[in-house]
Amino acid sequence: MAADSSVNFNLLHRTCKLVVLLCFLHITVTVFFYVRSLDIPFAFVQNQQSHNNGTGTELKRTLDAGPSPTFQPKTESLDKCPETSPLLVGPMRVEFNNPVSLELIKKENQHIEPGGRYKPKDCKALQKVAIIIPFRKRDEHLKYWLYYLHPILQRQQLDYGVYVINQDGDEIFNRAKLLNVGYAEALKDYDYECFVFSDVDLIPMDDRNTYKCFSQPRHLSVSMDKFGFRLPYNQYFGGVSSMSKEQFLTINGFPNNYWGWGGEDDDIYNRLASKGMSISRPSNEVGKCRMIRHVRDKQNEPNPQRFDRIAHTRETMNKDGIKSLSYKLVSKQTLDLFTKITVDIGKP
Ligand code: UDH
Ligand code: NGS
């Protein structure tokens, strides 16, 4: 009886072994044919080509010309600066009690190049920015502006230049035409891609308010002390603003025919709105700024025609702007902290 059951057990054991062997053989054959059907070598080449823009030429170029550019030493090109500069400090104290001298500003900003130019040494700036200041007889304000802004702009890691556009003579002042001149003159110097237009008497109180361009035109002086740190009205676009070259050209630049105070900034707003653009703004906190108090300038009295002009921006903007700008360059001085462009812009 014991011998019988031992024979049965052996038979069962052998049968099982055979079944397992057959299963293994079956799986091996299936896997073999499956793998063959995938045509793996062809798929591999295809993948390589898709990494090389599908042309296969990159691989050829690498073989012909030695190492690809990614293998070259890094000294040739700097890495891009980060989107947010790590040098920013946030809110700052701004006051105008003690006058500042150009010597002090120069001493404190030794990396500024002639003409008020700067770019970071350790990274490639994200934007090339021309800062345009309309100007006449505001030397004290300009010193405060340079004193505060140069350190801020350097911390913002911008590749920038400062252009002071000085209206020659004593004719009535024209802010927007001076800004157009600044745009045209700055482009003669460098391939600027962004333009910041700033009054000489406005100083930001927070360096997170970056003086650069955005996907929409930017209004930067959104929270001024003289307006109780809020916008005076929603469409307000005065003080400090920025526009890319493309945005500026889309609206044919700024109007040339606003002589005297007021309305030219509203005309610029109308131009932007008529082209379907919106206004980008920093928060009220980041956009805080102080205005240097002053009396009204001579030859910049309120323009009585301004209301009529802003009512017709859409009809006039294609004729009057950067395309029709004309002026006489009187002088261009490359000074230590800024480029001073003195210009004869005529009269009304
Ligand atoms: N600007 C000059 N010189 C002038 C006139 C204007 O440099 O004679 C420039 C300057 O950059 C100024 C900007 O143009 O910041 C705008 O000048 P504005 O007079 O239109 O604006 P601001 O805010 O003065 O300087 C508004 C009227 C002040 C009345 C003050 C009454 N308390
Ligand atoms: C509006 C002016 C703007 C001016 C703004 C703030 O009334 O040009 O006040 O002026 N528009 C017109 O007059 C049509 S401010 O208080 O800064 O002098 O920018």
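Counting convention: from 1, in listed order, for ligands and their atoms alike.
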task: Compute the shortest N/O to N/O distance between Tyr236 and ligand 2 and return yes if it is under 3.5 Å, no if not.
output: no
- prompt: Do any N/O atoms on Glu264 end up under 3.5 angstrom from N/O atoms on ligand 2?
  reply: no
statement: Among Lys226, His141, Arg136, the residue with a heavy atom nearest to atom 3 (N) of ligand 1 is Arg136
- line: Filtering Met291, Arg293, His294, Arg175 for the heavy atom nearest atom 30 (C) of ligand 1 leaves His294
message: Can you tell me how the ring of Phe195 sits relative to the ring of Tyr192, calling it parallel under 30°, perpendicular over 60° and tilted otherwise?
response: perpendicular
Look at [X] together with [Y] and state whether they make a salt bridge at an N to O cut-off of under 4.0 Å.
X      : Y      : answer
Asp336 : Lys106 : yes
Lys143 : Asp139 : no
Arg306 : Asp266 : no
Lys137 : Asp170 : yes

Quick check for you: to the nearest 0.5 Å, what is the distance between [X] atom [atom1] and [Y] atom [atom2]?
X      : Y      : atom1 : atom2 : value
Tyr147 : Leu337 : OH    : CG    : 13.0 Å
Phe173 : Asp297 : CZ    : CG    : 7.5 Å
Arg281 : Leu231 : CZ    : CG    : 4.5 Å

Which residue and non-hydrogen atom of the protein lie closest to [atom], and at what distance in Å?
atom                    : result
atom 17 (O) of ligand 2 : Lys226 NZ, 2.6 Å
atom 6 (C) of ligand 1  : Phe173 CE2, 3.2 Å
atom 13 (O) of ligand 2 : Arg306 NE, 2.6 Å
atom 4 (C) of ligand 2  : Asp265 OD2, 3.5 Å
atom 11 (N) of ligand 2 : Asp266 OD2, 2.6 Å
atom 27 (C) of ligand 1 : Arg296 NH1, 3.9 Å
atom 5 (C) of ligand 1  : Asp297 OD2, 3.3 Å
atom 1 (C) of ligand 2  : Tyr233 OH, 3.5 Å
atom 10 (O) of ligand 2 : Trp261 CZ2, 3.3 Å

message: Tell me whether ligand 1 is touched by Gln299 - counting only heavy atoms on the residue side and a distance under 4.0 Å.
response: no
message: Quick check on Lys137 - does any of its heavy atoms sit under 4.0 Å from an atom of ligand 1?
response: no
Are any of the N/O atoms in [X] less than 3.5 Å from those in ligand 1?
X      : value
Asp201 : yes
Val200 : yes
Pro134 : yes

- prompt: Does Asp320 have any salt bridge (Lys or Arg N to Asp or Glu O under 4.0 Å) partners at least two apart in sequence or in another chain, and if so, which?
  reply: none
- line: Per-atom filter on ligand 2: closer than 4.0 angstrom to a heavy atom of Gly262 are 8 (O)
- request: Using non-hydrogen atoms of the residue, decide whether Met291 is closer than 4.0 angstrom to ligand 2.
  value: no
message: Taking a cutoff of less than 4.0 Å between a non-hydrogen atom of the residue and any ligand atom, is Gly263 in contact with ligand 2?
response: yes
- request: Can you sort out which atoms of ligand 1 are near Asn300, meaning under 4.0 Å from one of its heavy atoms?
  value: 5 (C), 6 (C), 18 (P), 19 (O), 20 (O)
field: Ligand-side contact atoms (ligand 1) for residue partner Trp261, heavy atom cut-off under 4.0 Å
entry: 18 (P), 19 (O), 20 (O), 26 (C)
- prompt: Does atom NZ of Lys328 have more than 12 heavy-atom neighbours from other groups under 6.0 Å away?
  reply: no
Ring centroid separation [X] to [Y] under 6.0 Å:
X      : Y      : answer
His111 : Tyr118 : no
Tyr160 : His150 : yes
Tyr236 : Phe227 : yes

message: Please work out, at 4.0 Å between heavy atoms, whether the side chain, the backbone, both, or neither of Asp199 comes within that distance of ligand 1.
response: both
query: salt bridge (charged side-chain N to carboxylate O under 4.0 Å, His left out) between Lys128 and Asp191: does it pass, once the steps are laid out?
result: CA-CA 7 Å; Lys128 297 173 191 160; Asp191 182 23; 3.7 Å; yes
